Amino acid sequence: MLDPKLLRNEIDKVAAELARRGLKFDVDNYNALEARRKDLQVRTEDLQKERNDSSRRIGQAKARGEDIEPLKAAVAMMGDVLKAGQAELLETQGALDAIYMGLPNILHESVPPGLSEDDNLEIRRWGEPVNLGFEAADHVDLGAALGQLDLEVAAKIAGSRFAVMKGQVARLHRALIQFMLNTHVEEHGYTEVYVPYMVNRDSLTGTGQLPKFEEDLFAVHGEQEYFLIPTAEVPVTNLARGEIQDAELLPLRFVCHTPCFRSEAGSYGKDTRGMIRQHQFEKVELVHLCRPEESYAELEILTGHAESILRRLGLPYRVIVLCSADTGFGAAKTYDIEVWMPSQKRYREISSCSNCEDFQARRMQARWRNPETGKPELLHTLNGSGLAAGRALIAVMENYQQADGSILIPEVLRPYMGGAERISPN
RNA sequence: GGAGAGGUGGCUGAGUGGUCGAAAGCGCUCCCCUGCUAAGGGAGUAAGGGUCUUAAAGCCCUUCGAGGGUUCGAAUCCCUCCCUCUCCGCCA
């Protein structure tokens, strides 16, 4: 959520910022609503004061043993007027809130302008795409030949966009997750957390998935309403919802492995083959909570931590900065890390690292106490994949495939694979 | 699943339908006194929002788990929901 004060005071500036995202903001409509809000709120609060004063006088009169009936009669009619005003204010405030909740974050000045993902800018590359010496198979064929990846049986059990892994491939997937968690905890100093995989509406509103993107989520309908998490960013960032952090504890850095569930509504026909885009996938997520002045330094650090996983795995990648059109709803700036996929002969997203500044923090009132002012102030929140495990798995399979259809296991994963060096057909 | 007890400020914990945003204690901040492995005294110390302002201060509204209701007036009474704890049952 953007700061309502910013909209009130500098609406034209905000509209110009939103235009960078290709959004046309109806300034006149907003100004009219806001004028109405102000008028109603001032009048309603005046009435409330009047009522409070009268009630207090009634109490005092009663204490003195006076007849309070005439006083009561005088205030009686006020109730209805007040109630009507409150209802009107609530309605107007609701309309304004709908606007506030629907507006994306303001982009950082360094975000390049653009109209589509084609305008994203490459920042750096690491590693050289390996020359296999033969035509690269994709992970679907590799997995099928190994007899350890079965998408058909997954479709039978659940439907499309699910996978069943077996044997060494299943273990490699698990090894990747363990490797990532251990690296972030032991070498990058993260605090590991375990969190619920189903969350309530408030949490999803806090991180920005709701109310606007409900169709992307899987809802669980029982006595209580739950949603399956689309990313660990939701439960982990919401750890701070409604809390005030001690300044000396910042920055907070959490790492968390969870499954992620996404409906992928609107991506019909996109990445239908294989494990690139699944309804259910595993991810190791990094979340930073920090002081506002350090959040862009934290974004570089977080992105670096995600990159280091790919380096250790020996997987070629590049880092891009998303352009104005491609930057997500809650983010002020996002780096995507893309890993080389030999079968597609191009880089594919494997991590997305964002600084949301105070956008999520304002929605969820996630704050820290600034020792200089003594007051609670909004935190900045960041999140990034470190990394998506399913995509990391297929990147390893494809980049480490051998002419005989076996897959070499990257050195750093071997301790997690019982010392095995290679995955061969069953 | 059954029975019961609770949810109050950073923490502990009082609270009678009427100056209660709320006693007291702890913690924290500042000041004073004193002087050495301490102690004593005083003051201050919740959050959100609005209004005015360059800003601050001030003034006002709201908030005692959440949402409704009764009332001139609700932390206090009523309803619904959520959560925590204890006992029983079941269970990974």
Side-chain angles (χ1 to χ4, degrees), chain A residues 1-11 13 30-31 33-97 99-101 194-206 210 220-227 235 238-250 252 358 360-379:
Chain A
M1 193 169 97
L2 301 179
D3 186 354
K5 287 194 186 84
L6 187 68
L7 271 85
R8 274 175 219 151
N9 299 330
E10 300 181 69
I11 186 63
K13 200 168 147 189
Y30 170 78
N31 280 337
L33 264 175
E34 171 52 24
R36 190 170 148 78
R37 192 274 314 161
K38 181 168 169 176
D39 176 55
L40 283 167
Q41 183 161 352
V42 170
R43 275 197 292 152
T44 303
E45 288 185 0
D46 281 350
L47 271 174
Q48 280 174 323
K49 172 170 167 48
E50 211 178 304
R51 184 210 54 199
N52 291 346
D53 289 344
S54 302
S55 294
R56 193 169 297 123
R57 278 196 296 274
I58 291 176
Q60 288 163 345
K62 194 179 172 190
R64 287 192 298 266
E66 297 170 9
D67 180 15
I68 58 172
E69 287 310 317
L71 286 170
K72 279 172 73 172
V75 202
M77 60 194 61
M78 226 167 90
D80 291 337
V81 183
L82 184 58
K83 210 163 261 184
Q86 278 169 334
E88 214 177 339
L89 175 61
L90 210 66
E91 191 196 321
T92 308
Q93 193 61 259
L96 277 168
D97 285 344
I99 290 174
Y100 290 135
M101 295 308 269
Y194 171 85
V195 294
Y197 300 161
M198 300 193 289
V199 296
N200 57 34
R201 202 167 266 278
D202 285 346
S203 293
L204 286 154
T205 305
L210 292 180
V220 180
H221 299 287
E223 274 186 46
Q224 231 178 308
E225 183 184 49
Y226 293 115
F227 294 91
N238 271 279
L239 289 172
R241 171 152 56 91
E243 305 285 336
I244 301 172
Q245 307 295 333
D246 287 336
E248 54 267 33
L249 298 177
L250 301 176
L252 290 168
D358 63 12
Q360 296 180 324
R362 183 172 292 105
R363 287 176 166 239
M364 63 173 77
Q365 286 298 304
R367 294 167 296 168
W368 65 296
R369 194 171 296 278
N370 185 343
E372 286 174 28
T373 61
K375 290 288 171 195
E377 296 174 14
L378 294 173
L379 288 163

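These numbers were taken from a predicted model, which means no experiment stands behind them.
In this structure, A:Met101 CE and A:Leu210 CG are separated by 8.5 Å, a value rounded to the nearest 0.5 Å. Here CE of A:Met1 is found 12.0 Å from OG1 of A:Thr205. Values are rounded to the nearest 0.5 Å. Taken to the nearest 0.5 Å, the CZ atom of A:Arg363 stands 9.0 Å off from the CG atom of A:Leu2.
When the C1' atom is compared between B:rG21 and B:rG49, the two are found 15 Å apart, to the nearest whole Å. One C1' atom belongs to B:rC81, the other to B:rC72, and the distance between them is 29 Å to the nearest Å. For the P atoms, the distance linking B:rA24 with B:rC31 amounts to 24 Å, nearest Å. A gap of 44 Å separates the C1' atoms of B:rG42 and B:rC82, to the nearest Å. With C1' as the reference atom, B:rC11 and B:rA46 are 13 Å apart, rounded to whole Å. Comparing the same atom, C1', in B:rU71 and in B:rG10 gives a spacing of 35 Å after rounding to whole Å. Spacing between B:rC36 and B:rA43 at atom P, rounded to whole Å, works out to 28 Å. Separation of the C1' atoms belonging to B:rC77 and B:rG15 is 15 Å when rounded to the nearest angstrom.
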Exercise for review: Determine which bases of RNA chain B form Watson-Crick or G-U wobble pairs with both distances under 3.5 Å, and write the result as a 5' to 3' dot-bracket string with | for other-strand partners.
Suggested key: ((((((((.[[[..)..(.....]]]((((((.......))))))((((((......)))))).[[[[[..)....]]]]])))))))....

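Near RNA chain B, meaning a heavy atom under 4.0 Å away, the residues from residues 64-73 of chain A are A:Lys72. Listed in residue order, the members of residues 85-97 of chain A having a heavy atom less than 4.0 Å from RNA chain B come to none. Of the residues in residues 43-51 of chain A, those lying under 4.0 Å from RNA chain B by heavy-atom distance are A:Glu45, A:Gln48, A:Lys49, A:Arg51.
A search for side chain to side chain donor-acceptor pair (under 3.5 Å) contacts involving A:Asn370 returns A:Glu377, not counting sequence neighbours. Shown here are the ring pair (Phe, Tyr, Trp, His ring centres under 6.0 Å) partners of A:Tyr30, two or more places apart in sequence or in another chain: A:Phe25. Residues satisfying the side chain to side chain donor-acceptor pair (under 3.5 Å) test with A:Arg37, not counting sequence neighbours, are A:Glu34, A:Gln41. Annotation: side chain to side chain donor-acceptor pair (under 3.5 Å) contacts of A:Ser203 (sequence neighbours excluded): A:Asn200, A:Arg241. Residues satisfying the side chain to side chain donor-acceptor pair (under 3.5 Å) test with A:Gln60, not counting sequence neighbours, are none.
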Validation: residues 64-88 of chain A side-chain donor-acceptor distances under 3.5 Å, sequence neighbours left out:
unit_1, atom_1, unit_2, atom_2, d
A:Arg64, NE, A:Glu66, OE2, 2.8
A:Asp67, OD1, A:Glu69, N, 3.1
A:Glu88, OE2, A:Arg36, NH2, 3.4

Per-pair distances, 0.1 Å, donor-acceptor, side chain in residues 242-250 of chain A, under 3.5 Å, sequence neighbours excluded:
none

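Nearest-nucleotide positions on RNA chain B place A:Lys83 closer to the 5' end than the other of A:Lys83 and A:Gly79. Where A:Ser54 and A:Lys375 each meet RNA chain B at their nearest nucleotide, the meeting point lying more 5' is that of A:Lys375.
Along RNA chain B, read 5' to 3', the first and last nucleotides having any atom under 4.0 Å from a heavy atom of chain A are B:rG18 to B:rC83.
Two residues are said to be in side-chain contact when any heavy atoms from C-beta on lie closer than 4.5 Å; A:Val199 and A:Asn238 fail this criterion.
Electrostatic pairing of A:Arg43 and A:Asp46 does not count as a salt bridge here, judged by no charged N lying under 4.0 Å from a carboxylate O.
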Review point. Passes side chain to side chain contact (heavy atoms under 4.5 Å, CB included), A:Gln365 versus A:Arg367? Steps please.
Key: CA-CA 6 Å; A:Gln365 286 298 304; A:Arg367 294 167 296 168; 3.6 Å; yes

Review point. How far apart are the C-alpha atoms of A:Lys49 and A:Asp53, what are their side-chain angles, what is the distance that settles it, and do they pass the salt bridge (charged side-chain N to carboxylate O under 4.0 Å, His left out) test?
Key: CA-CA 6 Å; A:Lys49 172 170 167 48; A:Asp53 289 344; 3.2 Å; yes

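Here the side chain of A:Arg369 pairs no donor or acceptor atom with the backbone of A:Lys375 at under 3.5 angstrom.
The two residues A:Leu40 and A:Thr44 have their closest heavy-atom pair at O-OG1, 2.6 Å.
Residue-level contact check: A:Arg362 touches neither bases nor backbone, having no heavy atom under 4.0 Å from any strand.
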